[in-house]
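Notes for the one structure printed next.
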Amino acid sequence: MDTIFALASAPGKAGISIVRLSGPLAINVAEKLTKSKLKEKQPNLRVIYDSDNHFIDQALILIFNKPYSFTGENVVEFHLHGSSAVVSSVIKLLCNFKGLRPAEAGEFTRCALENGKIDLAQVEGLADLIDAETDAQHKQAARIFNGALGEKTKEWRAKLVKAGALLVATLDFADEEVPEEVTSEVEKLINMVLSDLDKEIIGVQTAERIRSGFEVAIVGAPNLGKSTLLNYLVGRDAAITSNVSGTTRDVIEVKLDLRGLPVTILDTAGIRKSDDRVEEIGISRALERSSLSDLRIVLTEDGEYPSELKRRDTDITCIAKDDQGNRGGVSGKTGAGIDRLKNNIWDILNDKAQYVGIATRERHKSSMVNAKKFLGNAVVSLRDGPEYYDITAEEIRAATSALDSLIGRIGVEDVLDEVFSSFCLGK
């Protein structure tokens with residue numbers, strides 16, 4: 001087994017930089033660098049020397065013994081002064097040790113998975129936790145990283161194992177004292193799992209939005225102040241503003257933290273009939289992208305809804321360029337009506353966020369949909385009577401396997417590289 005190392009903190013000048021080692025040689029190498037014996041279960045303040053016995057840095061060194069470390073292996077962390085030169089010198093020293101090599105992206109976390117310290121869903125939760133920028137993203141990621149999906153999967157698995165055991169007992173021990181008719185109890189267990197799966201499948205789309213950001217599109221005719229409104233909402237000049245019709249031709253996206261919710265504001269091309277081919281493409285993109293958004297701010301001149309748009313319940317229709325705020329509209333120029341608009345946006349999106357469950361990714365949804373299909377088959381065969389119990393048991397086993405893939409117990413080798421590719425080298 002290799003011993004791996006990498007910079008675990010952000011690169012560049014900092015107060016403290018952390019270099020992490022994990023593997024069987026980690027402690028031995030650390031003691032060679034410091035020319036001293038290191039104590040376990042307490043911080044070690046030591047000087048690090050190069051191969052010529054020259055001073056490199058004074059570091060705080062922490063030791064985490066297997067199996068009680070993050071990776072499940074011996075881990076050493078060098079807490080160095082955050083100089084690029086110091087970090088570079090330590091990394092060069094580590095490269096000279098036989099049996100050590102630089103870690104690949106996400107390899108520390110992959111070791112934790114392979115050593116049973118965390119499951120695959122927790123790996124994904126950790127990736128989301130690192131990327132979290134808003135309170136909603138942080139809470140969702142923390143829930144997954146703390147093992148919520150793994151615990152729920154164990155509950156489902158226990159119910160299905162019990163259901164399968166009842167069927168197998170009836171088949172294999174028919175001459176002994178076991179219930180001959182277990183249909184009602186097995187069906188009850190299956191339906192409990194199916195009910196939970198339905199809720200989680202519905203919530204995945206919302207969870208994906210929390211991860212990537214709810215999309216709010218600003219739409220309307222040209223010269224209604226869409227770009228000016230976007231700039232005011234995000235607090236900077238993100239879009240070019242002009243009195244010339246057709247200035248905005250492509251969709252402009254700007255991220256915003258709206259009271260803890262991640263939101264991507266979309267500025268779109270003004271909707272009108274145009275002979276300009278490029279503008280026409282921009283209008284087509286505006287209509288298509290806005291139709292996929294979670295919410296639309298529809299700007300109008302007189303409250304009249306644009307004929308090109310199909311009305312949706314979540315649309316917020318606003319009179320544009322209401323600079324004085326006396327028509328109940330909004331103005332990106334003076335800020336009139338903006339607070340009311342933000343509150344409306346938050347209310348709608350926060351209501352959507354209430355439907356989120358503990359499954360957060362399309363991969364999770366796919367596994368649950370597969371499990372649901374097998375369980376649906378199991379219910380059908382179960383109702384056909386005891387002579388079909390063997391088929392029902394097999395469908396339940398297939399559903400259990402599909403759920404096991406949620407947390408990486410089986411059948412996920414083909415997705416591991418993709419999962420870990422988003423991690424940095426020191427994680």
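On a predicted model such as this, the values are computed, not experimentally measured, just so you know.
- Using a 4.0 Å cut-off between charged side-chain N and carboxylate O, E187 and R383 make a salt bridge.
- Side-chain atoms of H364 and E200 form no donor-acceptor pair, as typed in the model, at a separation below 3.5 Å.
- Between the side chain of E215 and the backbone N or O of S293 there is no donor-acceptor pair closer than 3.5 Å.
- Looking at residues two or more places apart in sequence or on another chain, you find no salt bridge (Lys or Arg N to Asp or Glu O under 4.0 Å) involving D57.
- Using modelled atom types, one finds a donor on one side chain and an acceptor on the other under 3.5 Å when comparing T183 with Y389.
- Contact record, L406 with M368: CD1-CG, 4.1 Å, taken as the closest heavy-atom pair.
- In summary, the side chains of S290 and T268 do not present any donor paired with an acceptor at a separation below 3.5 Å, with no hydrogens or angles considered.
- The side-chain heavy atoms of I407 and L120, taken from C-beta on, include no pair separated by under 4.5 Å.
- Between the side chain of T392 and the backbone N or O of L382, at least one donor-acceptor pair lies under 3.5 Å.
- In summary, of the residues considered (T360, D128, T206), a side-chain hydrogen bond (donor to acceptor under 3.5 Å, both in side chains) with R211 occurs for D128 alone.
- A donor-acceptor distance shorter than 3.5 angstrom exists from the side chain of S401 to the backbone of R397, with no hydrogens or angles considered.
- Among all heavy-atom pairs drawn from F214 and K352, the shortest one is CE2-CB, 4.2 Å.
- No more than 12 heavy atoms of other residues, nucleotides or ligands shown are found within 6.0 angstrom of NE2 on H138.
- Between the side chain of E208 and the backbone N or O of E362 there is at least one donor-acceptor pair closer than 3.5 Å.
- G23 and T3 get closest at one heavy-atom pair: C-OG1, 3.5 Å.
- The pair K226-D267 does not meet the salt-bridge criterion, since no charged nitrogen lies less than 4.0 angstrom from a carboxylate oxygen.
- In plain terms, the two heavy atoms of L80 and A59 that are nearest each other are CD2-CB, 3.6 Å.
- For the 3.5 Å distance criterion, the side chains of T400 and R157 fail to qualify, holding no donor opposite an acceptor.
- Between Y232 and I338 the shortest side-chain heavy-atom distance falls below 4.5 Å.
- Across all their heavy atoms, S89 and I56 have their closest contact at CB-CG2, 4.0 Å.
- Ion pairing of D315 with R311 is absent here, as no side-chain N (NZ or NE/NH1/NH2) approaches a carboxylate O to less than 4.0 Å.
- With hydrogens and angles disregarded, no donor-acceptor distance shorter than 3.5 Å links the side chain of R361 to the backbone of A121.
- Of the charged side-chain nitrogens involved, at least one lies within less than 4.0 Å of a carboxylate oxygen, so that R101 and E107 count as a salt-bridged pair.
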### Query
Run the side-chain contact (heavy atoms from CB on, under 4.5 Å) check on L266 and R289 step by step: do they pass?
CA-CA 9 Å; L266 309 177; R289 188 66 182 277; 3.7 Å; yes
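- Applying the salt bridge (Lys or Arg N to Asp or Glu O under 4.0 Å) test to every pair with at least one member in residues 68-86, sequence neighbours left out, gives these pairs: R20-E77.
- Checking N343 against R259 by side-chain atom types alone, a donor-acceptor pair falls below 3.5 Å.
- Checked by atom type and distance alone, the side chain of S195 never pairs as donor or acceptor with a backbone atom of N191 at under 3.5 Å.
- The number of heavy atoms from other shown groups lying within 6.0 Å of CZ (F97) is above 12.
- Among L33, N44, L62, the one residue that satisfies the side chain to side chain contact (heavy atoms under 4.5 Å, CB included) test with L38 is N44.
- Surrounding NZ of K66 are at most 12 heavy atoms belonging to other residues, nucleotides or ligands under 6.0 Å away.
- Considering CH2 of W156 and CE of M192, their distance stands at 12.5 Å, rounded to 0.5 Å.
- The local environment of CD in E155 is crowded, with over 12 non-hydrogen atoms from other residues, nucleotides or ligands closer than 6.0 Å.
- For the side chain to side chain contact (heavy atoms under 4.5 Å, CB included) with K255, the lone residue among T264, V263, T134 that qualifies is T264.
- When atom types are taken as modelled, the side chain of N115 and the backbone of T71 share a donor-acceptor pair closer than 3.5 angstrom.
- The shortest non-hydrogen separation linking T314 to L295 is O-CG, 3.5 Å.
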